[in-house]
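Chain letters run A, B, ... following the sequence lines, proteins first and then strands; every chain starts at 1. These values consider heavy atoms only, across backbone and side chains, with no hydrogens, waters or symmetry-generated copies. The shown structure was predicted, so the numbers you read here are calculated from the model rather than taken from an experiment.
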There are 2 protein chains.
Amino acid sequence: MEERISIKDDPAFEKKKGRHEEIIKAAGKIFSSKGFHRARVEEIAKEAGIGKGTVYEYFKSKRHLFVEVIKYFTTKFLKEFKEAARNGKDYREKLENALGLLIDILHESSGFFELLVRDHWEMDERLYQWMVKVRGEASKVIEDILVEGIKAGKIKDINPRIPAMMLIESSRLALFSGDLGDEKMSPGGLKRAIIDVVLNGILR
Amino acid sequence: MEERISIKDDPAFEKKKGRHEEIIKAAGKIFSSKGFHRARVEEIAKEAGIGKGTVYEYFKSKRHLFVEVIKYFTTKFLKEFKEAARNGKDYREKLENALGLLIDILHESSGFFELLVRDHWEMDERLYQWMVKVRGEASKVIEDILVEGIKAGKIKDINPRIPAMMLIESSRLALFSGDLGDEKMSPGGLKRAIIDVVLNGILR
DNA sequence: CCAGATTGACCGACCGGTCGGTCTGAAACT
DNA sequence: AGTTTCAGACCGACCGGTCGGTCAATCTGG
């Protein structure tokens, strides 16, 4: 978008920005409920309350729109994730907050996360690399928390990468909680159970 | 003795059965490398060395074929998984064998597993339920191993479901091993690391 | 020589993307 | 203030390519 005189006061500018985000949100809704291929551009436009042609005023193609949607939501997620990991008096509380957020998101809007593990793999290399980066950053957040525990002498002096990624992957159980009919699979219970296993192990 | 039966000797029958499986295998190859939507029926037929029309002699539609592919491979996987879980002198060895198999499959042919986590979710309810069942059975295999450890007094007397599912979900790390550039992420190293964390925990 | 298997050219539904045209509202001018 | 102009946001009917699925023609082997 090009610079212009008195942009901030230009209502058209505000309008344009608003639409951009509106479309991404609408697209996020449709993409995450039906997947890339079944999502219809016209339906996305309808959801955003605009005409189909207008979508193409903002995004070059359906695929470009999809990439922007992924970037938008993953960026938002990482921000919240880092924030959650910052709030807590010690490594344990930070761990609970961060994983709690991840599990809640997976639990309540599994569609969003499915979006992340699906479709993008068959997109171009650039999006794939973006997702590698997102996974890496999320892992880093947990690793840093574990390192804090190591420095405090609470955790064994190990490479925290694998346990960190295990915690993240295990959070995926929240996606299936509906199918399991297990009251222990409530977000809170799941969070505690996962952390408990990774911290204490299951050996007697 | 008599020639009454002899259906099994009917070449047409054998041929039909053979084709059926050939097509499924060819479809598995194409579907797992490109996903459902990008896979072309004609390409599957070509891979199977037959004409496109013949595919429709064996399967009602592309979607029906896809369902059969998923059922075929998951059934085969579960059989091997149970087999691996049976071979081992104690719970620990059984655990290593079963997880080792899963991790190897994920590592060497991530396409196959991607097939399981992708696409099917946007198919019909029946396939979704099938996948729930497959996950449940795989979890059960690991749970049974853990129960053996519990009975032997090696493992805490806990509900083995969550650790079992954590072990399975954590195996997914094998999918990313390429992106991590970590020598610890070799299938063998990963298997040991995952089991070690779940069994012993990471607390000092 | 026929019954069933096989085939691939063909059909048409479908949908991403385009484009000619409308509408809005802000500046420019009187 | 009223009028004109104009940029560009917005629109949706339409176009063109793409495949899933069909079926008449062909093949095959018994």
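At whole-Å resolution of the value, CZ in A/Arg19 and C1' in D/dA9 are 9 Å apart. Atoms CD (A/Glu42) and P (D/dC10) sit 17 Å apart, rounded to a whole Å. The CD-C1' distance, from B/Glu43 to D/dG21, rounds to 18 Å in whole Å. Look at CZ on A/Arg38: it is 15 Å from C1' on C/dC14, rounded to the nearest Å. Across the protein-nucleic acid pair, A/Tyr58 atom OH and D/dC11 atom C1' stand 12 Å apart, rounded to whole Å. Here C/dG8 presents its C1' atom at 17 Å from CD1 of B/Ile44, a figure rounded to the nearest Å.
In this structure, B/His37 and A/Phe36 have side chains that are not in contact, with every pair of non-hydrogen atoms separated by 4.5 Å or more.
Applying the salt bridge (charged side-chain N to carboxylate O under 4.0 Å, His left out) test to every pair with at least one member in residues 43-53 of chain A, sequence neighbours left out, gives these pairs: A/Lys29-A/Glu47, A/Lys34-A/Glu43. Counting only residues at least two apart or on different chains, the salt bridge (charged side-chain N to carboxylate O under 4.0 Å, His left out) pairs with a member in residues 141-150 of chain A are A/Lys94-A/Glu148, A/Lys140-A/Asp144, A/Glu143-A/Arg161.
In this view, B/Lys151 and B/Val147 satisfy the side-chain contact (heavy atoms from CB on, under 4.5 Å) rule, not counting sequence neighbours. Among residues two or more places apart in sequence or in another chain, the ring pair (Phe, Tyr, Trp, His ring centres under 6.0 Å) test is passed with B/Phe59 by B/His20. By the side-chain contact (heavy atoms from CB on, under 4.5 Å) test, B/Asn200 pairs with A/Lys156, A/Leu203, B/Asp196, sequence neighbours left out.
Distances shown here put every side-chain N or O of A/Arg40 at or beyond 4.0 Å from the OP1 or OP2 atom of C/dC14. Distances shown here put a side-chain N or O of B/Thr54 below 4.0 Å from the OP1 or OP2 atom of C/dT7.
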Polar-atom pairs under 3.5 Å, protein N or O versus N or O of nucleotides 17-21 of chain C: list them with distances, or write none.
from   : atom 1 : to      : atom 2 : distance (Å)
C/dG17 : OP2    : A/Tyr56 : OH     : 2.9
C/dG17 : OP2    : A/Lys62 : N      : 2.7
C/dG17 : N7     : A/Lys52 : NZ     : 3.0
C/dG17 : O6     : A/Lys52 : NZ     : 2.5

